[in-house]
Amino acid sequence: MTTTNPVTTTNPVTTTSSVTTTHLTRTRTSAPVPLSVPVGQALRRAVRYEWRHLAGLRSTWILLGVAAAMSLVNGLALGLDVADGAAPGAAAVAATLQWDAVATQLPLLALLLLPLGTGPIASELARGAARTSWLTLGSRSLAYGAKLLTGAAVTSGAALVGALLTALTGTVSLALSGARQPDWGEVLGPFASFLLFMACWPVVCSAVAVLLRNRVGTALALTLWPLLGERIAGLILEQVPGLGSLGDWLPFAAGRAGLAGYGAPGEERDFLTVLAGSELSPAVGMTVFVIFTVALALAGAYVYQRRDAA
C-alpha cells in the first residue's frame with residue numbers, strides 16, 4: 001500500500017510580509033537613541049566651528065599679519081625714543097604696549113581688528129546666512145556665545161602676541177643703541193588692563209552689529225562714538241546742573257581711565273586724566289567698562305534670538 005505524504009505549501013506573500021515586518025521591527029529597535037550633548041561640549045564645538053569659519057577668511061590673516069608687523073615697528077620705535085643710554089620710562093613702555101590707547105582715545109589695535117569683531121555677525125545677517133549657523137550649531141544662543149568667545153580669544157591673543165613681539169624687538173633695539181632695559185614688571189598691571197579691554201572689544205562690536213544690523217552703521221558707531229560722540233556728550237552734560245560728573249561714567253571714557261593707570265602722580269597723571277576724559281580711578285573705570293560690555297552683550301543676545309535671519 002502506497003502512502004502519500006501531504007505536501008505543505010507556503011504562501012510566499014505571507015512569508016515576505018513576515019520577513020519585512022521582522023526587518024522593520026529590528027531596524028526600529030536597533031536605531032540609536034539621541035543623547036543630549038552637555039552644554040560645555042556643545043559650546044566647544046560651536047567655538048571650533050566659528051574659528052574654522054574665521055580662519056578660512058583671507059582677510060583675517062591679513063589683519064593679524066598687519067598687527068604683527070606694526071608690533072615690530074612699535075618695539076623698534078621704543079629704542080629710538082631714548083637718549084644718553086637711559087632706560088625708557090614705565091609710562092612710555094606702557095603706552096607702547098597699549099598702542100597709545102589713551103592718546104588716540106581708542107587703541108589702534110582695536111581699530112585695526114574692528115572687522116574681526118563685527119564681520120562674523122554683520123555679514124551673516126546682511127546676507128541671510130545666519131540660518132545656516134543656527135541649524136549647524138542647533139541653537140541661536142550657542143551661535144551667539146561662540147561668536148563672542150571666538151572674537152574675544154582672537155583679539156586678546158593678538159594683543160598678547162603683539163606685546164611679546166614689541167618687547168622682543170624693543171629689547172634688541174635698546175641693546176643695539178646702548179640704552180638700558182626698562183623694568184618690564186612695572187607695566188604688567190597696565191598691560192593686564194589692556195588685555196581685558198581687548199577681550200571686551202569684540203563683544204561690544206558683535207553686540208552693536210546685532211542691534212544695528214548694518215555694517216556701515218556699526219563701523220561708524222564704533223569709531224565716531226568713542227572718538228567724538230562721548231566728548232560731545234560730556235560737554236552737554238557739563239552744562240546741565242547736577243549732571244556734570246556723569247561724563248566720567250560714560251563707557252569708553254571710563255575704559256580709557258582704566259587704561260591710564262600708569263601715569264606718575266603730578267602733572268603726568270593730570271595730563272592722562274584730561275586725555276582720558278574721566279577722573280575715575282583705573283580699577284573703577286575698567287569695572288564700568290566691563291559692566292557696560294556685559295549689559296550690551298545681553299541686549300545683543302536678546303535681539304539675536306528673536307530677530308529673523310533674512
Side-chain angles (χ1 to χ4, degrees), residues 34-68 107 109-164 191-213 215 218-219 222 289-309:
L35 301 176
S36 59
V37 180
V39 177
Q41 183 179 355
L43 185 59
R44 287 194 299 269
R45 292 178 180 178
V47 170
R48 285 198 299 266
Y49 172 81
E50 292 296 337
W51 166 244
R52 291 193 192 101
H53 175 72
L54 196 61
L57 300 175
R58 185 182 302 176
S59 59
T60 300
W61 300 107
I62 292 176
L63 291 175
L64 294 177
V66 172
L109 182 61
L111 292 175
L112 178 63
L113 300 182
L114 176 62
L116 299 184
T118 61
I121 287 183
S123 59
E124 283 188 354
L125 293 177
R127 300 173 182 175
R131 195 178 304 276
T132 303
S133 297
W134 300 341
L135 293 176
T136 302
L137 301 178
S139 170
R140 295 192 183 195
S141 58
L142 274 179
Y144 182 75
K147 285 177 171 56
L148 298 188
L149 290 177
T150 304
V154 171
T155 53
S156 57
L160 181 59
V161 173
L164 293 176
F191 180 69
S193 300
F194 177 65
L195 278 182
L196 182 58
F197 183 94
M198 291 302 300
C200 293
W201 174 245
V203 178
V204 173
C205 294
S206 298
V208 173
V210 171
L211 296 175
L212 298 184
R213 203 171 181 175
R215 301 185 69 174
T218 301
L222 291 171
F289 186 74
V290 171
I291 293 175
F292 164 75
T293 302
V294 174
L296 200 60
L298 293 177
Y302 178 84
V303 175
Y304 188 81
Q305 294 182 11
R306 286 158 178 78
R307 180 162 286 178
D308 187 61

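All values reported here derive from a predicted model rather than from experimental measurement.
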- Query: Taking it one step at a time, do W201 and L109 satisfy side-chain contact (heavy atoms from CB on, under 4.5 Å)?
  - Reply: CA-CA 10 Å; W201 174 245; L109 182 61; over 6 Å; no
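- G117 and S206 get closest at one heavy-atom pair: O-OG, 2.9 Å.
- No side-chain heavy atom of F194 sits under 4.5 Å from any side-chain heavy atom of L160.
- Listed here is the closest heavy atom pair of A152 and A199: CB-O, 3.4 Å.
- Expressed to the nearest 0.5 Å, how far CG of L195 lies from SG of C200 amounts to 11.0 Å.
- Of the residues V154, L114, T155, the one that meets the side chain to side chain contact (heavy atoms under 4.5 Å, CB included) test with P202 is T155.
- No side-chain donor-acceptor contact under 3.5 Å links S156 to the backbone of M198.
- Taking OG1 of T293 as the start and CG of L298 as the end, the distance is 11.0 Å to the nearest 0.5 Å.
- Between the T60 side chain and the A55 main chain, no donor and acceptor come within less than 3.5 Å of each other.
- Taking 4.5 Å as the limit, some side-chain heavy atom of C205 sits within range of a side-chain heavy atom of L222.
- Classified by interplanar angle (parallel below 30°, tilted 30° to 60°, perpendicular above 60°), the ring pair F289/F197 is parallel.
- One finds the OG atom of S59 at 7.5 Å from the CG atom of L54 (value rounded to the nearest 0.5 Å).
- L113 is listed as a side-chain neighbour of L63, based on a closest heavy-atom distance under 4.5 Å.
- Atoms CG and CG, on L142 and L149 in that order, are 10.5 Å from each other to the nearest 0.5 Å.
- To the nearest 0.5 Å, atoms CD (E50) and OH (Y144) are separated by 12.5 Å.
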